Number of protein chains: 2
Amino acid sequence: MKSATAPKSPKISFKQHMLQAREEAIVQTVNRLLAEKGFDAMTVDEVAQGVGIAKASLYKHFPSKEDLAAAAMVRVLHRTQAHLQTLPAADAPLDKLKATVRWAMEVQLAGEMPSLPSQNSSLRAKLMENAAYLEALVQVSDQLGGWIEAAQKAGQINPQLPAIAVLYTLFARACDPVPGFLQASGQYSDTEIVDWVLGICFEGLNSR
Amino acid sequence: MKSATAPKSPKISFKQHMLQAREEAIVQTVNRLLAEKGFDAMTVDEVAQGVGIAKASLYKHFPSKEDLAAAAMVRVLHRTQAHLQTLPAADAPLDKLKATVRWAMEVQLAGEMPSLPSQNSSLRAKLMENAAYLEALVQVSDQLGGWIEAAQKAGQINPQLPAIAVLYTLFARACDPVPGFLQASGQYSDTEIVDWVLGICFEGLNSR
DNA sequence: GTCTATACTAGGATAGAC
DNA sequence: GTCTATCCTAGTATAGAC
C-alpha cells in the first residue's frame, strides 16, 4: 500500500520532519484546549498563542477551526488504536473492554481527552467529510464491536442489549462529566474515581 | 411565608398574569432551543423569533443570555420537584430513584431537557449566583441524596460508593448522549431505549 | 510558510422613540 | 414594555509583504 516515491532526499525529509513536528505541536495544543474548554470556547487565537506562531500561519496548515478539531480527534483515535494493540490477545474480551474504558478515563482525568459538542451540526458535518477521522473511528468501533459481541456470546456482557448500545455506552464513558466533577471536588484520588466509575459502568449502581 | 401585599386589584392581577404568561412563553422557547442545540448554538435572536417579540423586549424580562438559560434550568428543576412529589411515599428508595431517572430520560427523548455545557465557566458563574437555581438544585439534590443513602443502607445500592458519586451518575443520565444517539439511529422505540439505558445504569453492562 | 494588518460577520446588548 | 435601529466586541478567516 505504500506509494512508490523516489528515494527520499535528506533535505526533503528534513523539511517534512519539521513540518510534521510543527503540525504535531499544533494538534497537541488543540487537543489540550479542547479538553480544557471544549470546541466552542476554544478560539483560534488561543491555539496560535499556545503554539507560539501567528494565526495566519495556522491557517496554512489547517483550513478551518473545524479541521483543527478533526485533527485532534484523529490524534486521540490513533492513540486509542495504539492502546488497543498493547492489550494481550489472550485476555478475555470483557477484560479488554474494561481496560480500554479505564485507559480512556485516565486520559480524560489527565486533561488530554478532547471533547466536542455532540450537538454542533456544522462541526459534525465537517467531521463526517474527514476521511482520516472516519477511518480511524470505524476501525476503533469495529475492534470494540468485535469484543462486545464476543463478550456477549461468552455470557460476560448482557446479550439482550444491542451491541451498538453497548458501544455507545463505552464511548460515552470517555467524555462522561462524572469523573471530572468528582475530581473537582478534591476529595478523592484519581485511582478511586476511575475504579468507582468503571465499576458503575460494568456492575451497575446496584449491590450484587 | 407569603408577603403581606394589599388585596390585589383586578387590573394589577391581570397585568401580572399577562407578564407571567409572556415570561413562561419565553422560558418555554428557551427550553426547547437549549434541548435542540445547546447553549452555545442557541442565539438570542432565535429566542426572540420563537416567542414572536423583539430582541430588545426579551432583555426587558431577562438581562442576559445566561439568565435565559438559568430560567430554563429553574423551570426543569421545578418540573423535577413536581415529579418527585408524585412518587408514592411507600415505594422503596431504589424504586423512586429508578422512576426519576426514567422520567428524566423520557423528558430528554421528548426533546424537552435543556442541556448546558458542563465546561462554560462564565455560564456556571452566573448560575451559581442565581438564588432560584441554587435553591431548586439543592432541594432536588437533597431529596435524591436522602433516597440514595437509604437505598445504600437497605443494601439495594452499592454501599461502598460515595453517595455523591451516585448522585452525579444519576444527574448525568439526564444529559447522557446515548439515548439520543440510539433514537437517531431510528431502529428502536423510545421505550426500548429507556429500558436498556436504565438497565445499564442500575444493573451494569455485565450479565448477572 | 511566516509574519502584520485587516476584512467581514455573527451575535450579545443597548438607545431612544412610542 | 414594545418596537426599530444601532452599537460593539469577539472571533473566523484572508491579503499581501517578506
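All values derive from a computational prediction rather than experimental measurement. Residue numbers start from 1 in every chain, and the chains themselves are labelled A, B, ... in the order their sequence lines are given, proteins ahead of strands.
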| message | Below 4.0 Å from chain A heavy atoms, what is the first contacting nucleotide of DNA chain C and what is the last? | response | C/dT2 to C/dT4
| message | Using 30° and 60° as the class boundaries, would you call the ring planes of B/Y188 and B/W196 parallel, tilted or perpendicular? | response | perpendicular
| Any donor and acceptor pair, going by atom type alone, linking the side chain of B/R32 with main-chain N or O of B/Q28 inside 3.5 Å? | no
| field | Cationic N near anionic O, under 4.0 Å, B/E203 to B/K98 | value | yes
| query | In terms of heavy-atom contacts, does CD of A/E23 have more than 12 from other residues, nucleotides or ligands at under 6.0 Å? | reply | yes
| query | Which salt bridge (charged side-chain N to carboxylate O under 4.0 Å, His left out) pairs, counting each pair once, include a residue from residues 189-199 of chain B, with sequence neighbours left out? | reply | B/R102-B/D195
| field | Pairs flagged by salt bridge (charged side-chain N to carboxylate O under 4.0 Å, His left out) wherever residues 124-138 of chain B is involved - sequence neighbours left out | value | B/D67-B/K126
| Between B/Q143 and B/L84, is there a donor-acceptor pair closer than 3.5 Å when you use the side chain of the first and the backbone of the second? | no
| field | Residue pair B/V30 / B/L68: nearest heavy atoms and the distance that separates them | value | CG1-O, 3.7 Å
| With sequence neighbours left out, what residues match B/D95 under salt bridge (Lys or Arg N to Asp or Glu O under 4.0 Å)? | none
| Between residues 35-44 of chain A and DNA chain D, which residues have a heavy-atom gap below 4.0 Å? | A/M42, A/T43, A/V44
| remark: Of all heavy-atom pairs linking B/Q156 and B/A92, the shortest is OE1-CB, 4.1 Å
| field | Interface with DNA chain D, restricted to residues 47-66 of chain B and to heavy atoms under 4.0 Å | value | B/I53, B/A54, B/A56, B/S57, B/K60, B/H61
